[in-house]
Amino acid sequence: MSKDPVLDGFRQSIDNIDAAMIHILAERFRITKAVGAYKAQHGLPASDPGREERQIERLRKLAEDAQLDPEFSEKFLRFIIQEVIRHHERARAG
């Protein structure tokens, strides 16, 4: 902790947000793990490029509305999508 209570307050808020993001990502990956198992059981492909592009466009718009850089949000989402696909491919391989 610094000797600046205003800065400490900002940092505490950042720490809380970071913790929430980790929990949200964990929940998202729990769900996508179930999706991967379902796809593997039903012989579905690990990725769905059409859905992925629709999601990216939707989230870019949300980012713009939230005054977040849409380029950053797209990079972040593409990173998550690639990780999900990797998990789905592993589920399909057994």
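- Minimum interatomic distance between Ala37 and Ala91 (heavy atoms only, all atoms of both residues): N-CB, 4.4 Å.
- With hydrophobic clusters built from ILVMFWY side chains whose heavy atoms lie under 4.5 angstrom apart, Ile80 does not share a cluster with Leu62.
- Taking CG of Asp48 as the start and CD of Glu53 as the end, the distance is 10.5 Å to the nearest 0.5 Å.
- Between the NE2 atom of His23 and the CG atom of Asp18 there is a distance of 11.0 Å, given to the nearest 0.5 Å.
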Requested in this report: Determine, step by step, whether Arg54 and Glu57 satisfy the salt bridge (Lys or Arg N to Asp or Glu O under 4.0 Å) criterion, reporting the C-alpha distance in whole Å, the side-chain angles of both residues, the deciding distance to 0.1 Å, and the verdict.
Outcome: CA-CA 5 Å; Arg54 287 188 303 275; Glu57 286 305 311; over 6 Å; no

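- Using a 4.5 Å cut-off on side-chain heavy atoms (C-beta onward), Lys39 and Pro45 make no contact.
- Note: the hydrophobic cluster containing Ile81 also contains Leu59 (ILVMFWY, side chain heavy atoms under 4.5 Å, direct or indirect links).
- Side-chain polar atoms of His87 and Glu83 form a donor-acceptor pair below 3.5 angstrom.
- A chain of hydrophobic side-chain contacts below 4.5 Å, direct or via other Ile, Leu, Val, Met, Phe, Trp or Tyr residues, connects Val84 to Leu25.
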Query raised in the report: Step by step, would you call Asp15 with Arg11 a salt bridge (Lys or Arg N to Asp or Glu O under 4.0 Å)?
Result: CA-CA 6 Å; Asp15 291 351; Arg11 288 177 173 164; over 6 Å; no

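- In this structure, Asp69 CG and Phe76 CZ are separated by 13.5 Å, a value rounded to the nearest 0.5 Å.
- Side-chain contact of Asp8 with Gln12: a donor-acceptor pair under 3.5 Å is absent, judged by distance alone.
- When all heavy atoms of Pro70 and Ser73 are compared, the closest pair comes out as O-OG, 2.8 Å.
- A continuous path of Ile, Leu, Val, Met, Phe, Trp and Tyr side chains, each step under 4.5 Å between heavy atoms, connects Ile85 with Ile56, placing both in one hydrophobic cluster.
- Across all their heavy atoms, Glu89 and Ala46 have their closest contact at CG-CB, 3.6 Å.
- Between His42 and Tyr38 the shortest side-chain heavy-atom distance falls below 4.5 Å.
- Judged by distance alone, with hydrogens and angles left aside, the side-chain atoms of His88 form a donor-acceptor pair with the main-chain N or O of Thr32 at under 3.5 Å.
- Atom CD1 in Ile24 sits 13.0 Å away from atom CZ in Phe29 (nearest 0.5 Å).
- Here the side chain of Gln82 pairs no donor or acceptor atom with the backbone of Arg78 at under 3.5 angstrom.
- Salt bridge status for Arg30 with Glu27: present, with a side-chain N to carboxylate O gap under 4.0 Å.
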